[in-house]
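Each ligand, and each atom within it, is numbered from 1 in the order the structure gives. Computed from a predicted model, the values in this text were never measured in an experiment.
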Amino acid sequence: MEILQYATSAYLLNGLLIAIQITGIAMVSGLALGLLLALMRMSNNPVFSGVAWFYIWVMRGTPILLQLIFIYDALPRMGILLSPFWTAVIGFALNEAAFAAEFIRGGLLSVKRNQSVAASALGMGPFVTLRRIVLPQALRAIAPQISNGTISMLKGTSLASIVFVNELTFRAQQIVATNFDFFTVFIAAATLYLCATTLISFGQLYVERKIDPELRTLSKSPSLWSRWVTGVRTPMPREEEASPKPADAAQASDASDDHVIIKALASDVAKDVQETADMPFVVCRNVRKSYKLRGREPLEVLNSVNFEVHRGEVVAILGASGSGKSTLLRLINHLEELNGGEILVEGKPVGYEKKGDKMVPIKALSKARADARIGMVFQSFDLFDHKTALENIAEAPVQVYGMSRSDANERARKLLDGVGLGEHADHLPMRLSGGQQQRVAIARALATKPKLMLFDEPTSALDPELVGEVLAVMRSLAEAGMTMIVVTHEIRFAREVADRVVFMDQGVIVEEGPPSEVLDNPKEPRTQQFLRMVQDH
Ligand SMILES: Nc1ncnc2c1ncn2[C@@H]1O[C@H](COP(=O)(O)OP(=O)(O)OP(=O)(O)O)[C@@H](O)[C@H]1O
């Protein structure tokens, strides 16, 4: 009874309030500074990463008690007078930032790099990519750590008594000094701490629930209480949601019979494409690319590649693994930097300015990518894992092109219908088959109304029975006049759909021409050998 009296006394409750205020302000500022430090540590700039490393090393390596005393003594000497409360807030924030920097960095590193590459290909800048794509995914790993940090800090505020902050433990000690009733008073204080930390645990579950993409998309999720008690993070997918229905493939093929919406969009965009008689739509001149490898000679990947693509043309690039096909595609939309030569799309370099003979990357690279309107589809789909099919498609129109959310959703729905996936708008990528994911990825690229589509081995990661549904969508795009460059091993597709086939080997174009020439009567021994090998499989 006495415990309850102490626990509800204004004196102790007020002490708890002070502890909560210090924790709240210090945690928020510590996390903001921690994010900045984490980004600095991950930057390529050695000064930024060195400064961040040094800060983390010092702050993690010294006791917080000493840090508090230092701030309490040092700041007044520099003419900065702070109350004990603000001394504690600053001390805890600076200390937390060092720990937060490391767990935030861990969270950011846990997000697959391809997610950022896909965002860049859609024209998103670094800030939008961090805010919309990387941080929300990293947050799943970071949230439990934030909760841990908050609980430790709340309990650790008792250390602030060293700089005369009159918080909960300090107040409990003051009462004990007058009545010597250790047991009752300290149990009352402990109860108050326990209540506050329990609330933080519930807050953590609430946030986890909000940011968990699976729980967000399920119609029924377990209660907060059962998740707290059982520790269950994510329910198993419901039977009907877990795997694509067998009928889906058939449904997709039916839809692919015409792909009316896809064709309408592609032919609409094709009209936009500017090309003059002396300037093909894509021009690659003497393109060179090499990668610097630590302790080794630079690896020459592309060596003086010359290549053109005309408006409405479908070019298939074939070649052995490692011949530089994907690198060439990534250079075209400036996901990689050129080492020599130039690439022009619609007569303009994407994200470069010419200085003398050199092509120098400009600062506003993301804007240049967005303006060039080049859609890209990757071998591993690279849909944003935390977003539904619809959200994946609507993201770039809203974030990059400033479209309203409702218009973007409407376009996304039409595109999903167009690729035969209207029923799957609210499904996360993990609930879609590979073929479905790739069709969503094509729809995502089309949502920005691209004038040029780059496909990087779009069917290589698919089971054979799912290849057809993706090729059917691509075929419709080609028929509607979309300009396309397709890196592929699908000889049949190249023969039937491509206007021209380019064969690459060891970083150079060995042979190019109409499919009937390159595929049926290859002149070069290397092309003949490659085709024999592919056909044998
Ligand atoms: N970021 C990188 N750093 C270092 N080397 C790289 C990098 N990207 C590609 N390479 C190397 O460049 C060469 C060409 O790679 P690229 O992916 O363009 O080949 P590819 O013809 O598309 O092969 P695949 O069909 O296997 O995808 C390979 O030897 C690869 O290891």
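- The shortest N or O to N or O distance between Leu293 and ligand 1 is not below 3.5 Å.
- Remark: distances from the non-hydrogen atoms of Ser323 to ligand 1 include one below 4.0 Å.
- Close approach of ligand 1 to Val301 (heavy-atom distance below 4.0 Å) involves ligand atoms 12 (O), 13 (C), 14 (C).
- Distance screen at 4.0 Å: atom 11 (C) of ligand 1 has a protein heavy-atom neighbour inside the cut-off.
- Those atoms of ligand 1 with a heavy atom of Gly324 less than 4.0 angstrom away are 14 (C), 18 (O), 19 (O), 20 (P), 21 (O).
- Taking every non-hydrogen atom of Arg330 and a distance limit under 4.0 Å, the qualifying atoms of ligand 1 come out as 8 (N).
- For ligand 1, the atoms closer than 4.0 angstrom to any heavy atom of Ala320 are 21 (O).
- Counted within 6.0 Å of CZ on Arg405, heavy atoms from surrounding residues, nucleotides or ligands total more than 12; the atom is thus considered enclosed.
- Remark: atom 31 (O) of ligand 1 lies closer than 4.0 Å to no protein heavy atom.
- No more than 12 heavy-atom neighbours from other residues, nucleotides or ligands sit within 6.0 angstrom of CD on Gln506.
- Within the listing of ligand 1, atoms 24 (P), 25 (O), 27 (O) sit less than 4.0 angstrom from a heavy atom of Glu457.
- Using a 4.0 Å cut-off to heavy atoms of Leu299, the atoms of ligand 1 that qualify are 11 (C), 29 (O).
- For the pair Arg444 and Phe384, the cation sits on the ring face: its NZ or CZ lies under 6.0 Å from the ring centre, inside 45° of the axis.
- A cation-pi arrangement is present between Lys289 and Tyr291, with the terminal nitrogen or guanidinium carbon under 6.0 Å from the aromatic centre and inside a 45° cone about the axis.
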